[in-house]
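All remarks here apply to the structure that follows.
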Amino acid sequence: MKILVCITHVPDTTSKISFVDQDTVFDKTGVQFIIGPYDDYALARAVELKEQLGGSITALNVGFAETEPTIRKALAIGADEAIRINAEPKDSFFVAHQISQVVKGGDYDLILMGRESIDFNGGQVHGMVGELLGIPSVSPVMYLDIEGNIAKLSREIEGGKELLEVALPIVAGCQEPIAEWKIPNMRGIMSARSKPLNVLDPFEDEHKTVVENFVMPAAKSGIKMIDADNVGELVDLLKNEAKVF
Amino acid sequence: MKVLVFTESDEGKIKKSSLEAVSYAAEIGQGTVAMIFGVLESSELNKIGAAGAKKVLHITDSDFEPSNIMAVSTAIAQVFEAEDIELMVMAKSSLADSVSARVSIKMNASLVSNVTDLPDMTNGFTVNRSIYTGKAFAKTKLTSDKKILTIRKNTVPIGENGSDPETVLFQPNSKGSDKVVKVLSQEKISGDILLPEADIVVSGGRGLKGPENWGMIEDLAAALAAATGCSKPVSDMDWRPHHEHVGQTGVKVSPTLYIAVGISGAIQHLAGVNSSKFIVVINKDPEAPFFKAADYGIVGDAFEVLPQLTKAIQAAKE
């Protein structure tokens, strides 16, 4: 079983988001970067599948050298080797194109990633990679098991889930509760330092969208507090101000 | 500009989010074409016309079940060609993510998800989209000739004044290679309002003390014709199913009204709800961070406030 896990390098979920240079650049000052939480689930499931079935895990990230501590963390959690495509992840298509090129050269059985990144929330890359490679893509995946050459998955749908079966290779966009996040142990952290991290040049420079600038949401006008003994006031506000009934 | 809308149905009814996508498309282009998969009554197809579509392509062939993402994407690409489509619009959903991505590759199209407003076409084609789970927006230009947008709920109002559409039974050419994913079973709640579709959401947190107390949440939701949601700890403890978990790693919602009961308001939960138009927070802890993100707040015990509130709403609605 050869597994590719694609990871994003994103601000911690508790980060305050702000921009500089006339709102054209994300302000990284004081921001802690992590493996995308959904990607972290994908990686955790990959580690479990490797323990069960043998094989190898390659972690892949598209980004400049600043993402290497995040990639090393993936190695500490259990990836055997890593690839960094040395480029700015300009948009989903650009990233999907890089991933598909790596897969073409690598003969992977399973390509795992998060259902979406938590910075741009596109949720597009798994579908694009599947289409670029002409193989199935499934997302969001909450359960994944491998029996021989067959993947058994459950996919969340609005109001429930469906159980699917498909022959490998496939691309899966993962989410909880596919596996528990794994915290690297000391042995993992030590061995991560010597595991191979190969840096590749990007495969063609193509993208189809451009971010012109960022905008912050309008601030809430302030809260109206209502006495717990006077729910009628809230009902009036919902009726006349929010107009929900 | 010729615009195509991919619409979805649930239990034989067109989804409201899809009707919103139709009205969004009708604001941009002339002669909007909509696609719908599955067997539906003509009254449902007429709703698509009322929302602004001139033509509806109805696909009833069971090879194109909506859950077959590859086949549906193939069918859409055929319509792109046959109808000379420049822009496709769809409501954001778990299906739309995968389908829009696959079609964007087939059509060499620019794709932007989570769009929150109508495009600015004065200099190219630019839209705002929600990023950082609702903490910011990115003004994004689509640079390819063909374009695809997935829009977030509550972006435009649903139109009701369009005329009945020209309805055409459409038979896409199926490809054997699209039939490789087998759906073994589907488990789905029925009758309830789907969380991402709901105009009003009532969510409960750990403050409710246990799953046995969810009747209060359900009663309030029923009074408001709302969907029910929950916080992450509640779904982690299996008090409620995962598809009800609202937040950063769960469902992101943008309803007109979000009512949070007994949820302290961790930043990861706020990320999933902060684009709601109105937020009500009911919590016995006056220091709960959720109050800072709310429009209306009540400091009080949910076990006392909820039954009173449900009664008052029922009375006001009569």
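Labels below follow one simple rule: chain letters A, B, ... track the order of the sequence lines, proteins then strands, and each chain is numbered from 1. Since the structure is predicted, the reported quantities are computational estimates derived from the model, not experimental observations.
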> Among A:Ile170, A:Val10, A:Val215, which residue forms the greatest number of heavy-atom pairs with chain B at distances under 4.5 Å?
Replying inline: A:Val215

>> Pair B:Glu197, B:Lys16 - check salt bridge (Lys or Arg N to Asp or Glu O under 4.0 Å), show working.
In response: CA-CA 7 Å; B:Glu197 289 285 299; B:Lys16 271 165 82 175; over 6 Å; no

> Heavy-atom distance under 4.5 Å to chain A: side chain of B:Leu195, backbone, both or neither?
Replying inline: neither

> Does the ring centre of A:Phe33 sit less than 6.0 Å away from the ring centre of A:His9?
Replying inline: yes

>> Heavy-atom pairs under 4.5 Å with chain B: which of A:Glu176, A:Glu162, A:Met216, A:Lys220 has the most?
In response: A:Glu176

> Looking at A:Val129, A:Asn213, A:Val211, which one has more heavy-atom pairs under 4.5 Å with chain B than the rest?
Replying inline: A:Asn213

> Does any N or O in the side chain of B:Ser110 come within less than 3.5 Å of the main-chain N or O of B:Thr143, such that one atom is a donor and the other an acceptor?
Replying inline: yes

> What part of B:Leu270 lies closer than 4.5 angstrom to a heavy atom of chain A: side chain, backbone, both or neither?
Replying inline: neither

> So, are A:Lys224 and A:Glu241 salt-bridged, with charged N and O less than 4.0 Å apart?
Replying inline: yes

>> Please classify the contact between B:Ala293 and chain A as side chain, backbone, both or neither, with a heavy-atom cut-off of under 4.5 Å.
In response: backbone

> What part of B:Leu194 is in contact with chain A, defined as an atom under 4.5 angstrom from a non-hydrogen atom: side chain, backbone, both or neither?
Replying inline: side chain

> Who wins among A:Ile223, A:Ile118, A:Val231 for the most heavy-atom pairs under 4.5 Å with chain B?
Replying inline: A:Ile223

> Measuring heavy-atom distances to chain B, does A:Phe120 have an atom under 4.5 Å in its side chain, in its backbone, in both, or in neither?
Replying inline: both

>> If the threshold is 4.0 Å, N to carboxylate O, is there a salt bridge linking A:Glu66 and A:Lys28?
In response: yes

>> Is the terminal nitrogen or CZ of B:Lys147 (NZ for Lys, CZ for Arg) located under 6.0 angstrom from the six-membered ring centre of B:Phe125 and within 45° of that ring's axis?
In response: yes

> Under a 4.5 Å heavy-atom cut-off, does chain A meet the side chain of B:Lys232, its backbone, both or neither?
Replying inline: side chain

>> Given heavy-atom pairs under 4.5 angstrom as the criterion, report whether the side chain, backbone, both or neither of B:Ala96 touches chain A.
In response: neither

> Does a salt bridge link B:Asp10 with B:Lys188, judged by any charged N lying under 4.0 Å from a carboxylate O?
Replying inline: yes

> Under a 4.5 Å heavy-atom cut-off, does chain A meet the side chain of B:Lys92, its backbone, both or neither?
Replying inline: side chain

>> Given heavy-atom pairs under 4.5 angstrom as the criterion, report whether the side chain, backbone, both or neither of A:His97 touches chain B.
In response: neither

> Could you state the interatomic distance from CZ (B:Arg152) to CG (B:Asn114), rounded to the nearest 0.5 Å?
Replying inline: 7.0 Å

> Is it the backbone or the side chain of B:Lys252 that comes under 4.5 Å from a heavy atom of chain A, or both, or neither?
Replying inline: side chain

> Where on B:Val280 is there a heavy atom nearer than 4.5 Å to chain A: the side chain, the backbone, both, or neither?
Replying inline: side chain

> In terms of heavy-atom proximity below 4.5 Å to chain B, should A:Pro217 be classed as side chain, backbone, both, or neither?
Replying inline: both

>> Is B:Ala271 close to chain A through its backbone or its side chain, or both, or neither, when contacts mean heavy atoms under 4.5 Å?
In response: neither

>> Between A:Lys182 and A:Glu48, does any side-chain N to carboxylate O distance fall below 4.0 Å?
In response: yes

> Given that the side chain runs from C-beta out, which part of B:Lys135 has a heavy atom under 4.5 Å from chain A: side chain, backbone, both or neither?
Replying inline: both

>> Under 4.5 Å from any heavy atom of chain A, what part of B:Ile267 do you find: side chain, backbone, both or neither?
In response: side chain

> What option among A:His126, A:Gln175, A:Met225 has the most heavy-atom pairs under 4.5 Å with chain B?
Replying inline: A:Met225

> Measuring heavy-atom distances to chain A, does B:Pro196 have an atom under 4.5 Å in its side chain, in its backbone, in both, or in neither?
Replying inline: side chain

> What part of A:Thr14 gets closer than 4.5 Å to chain B, counting heavy atoms only: side chain, backbone, both or neither?
Replying inline: both

> Is it the backbone or the side chain of B:Asp236 that comes under 4.5 Å from a heavy atom of chain A, or both, or neither?
Replying inline: side chain

>> Only pairs of heavy atoms separated by less than 4.5 Å count here; which of A:Asp23, A:Ile17, A:Val166 has the most with chain B?
In response: A:Ile17

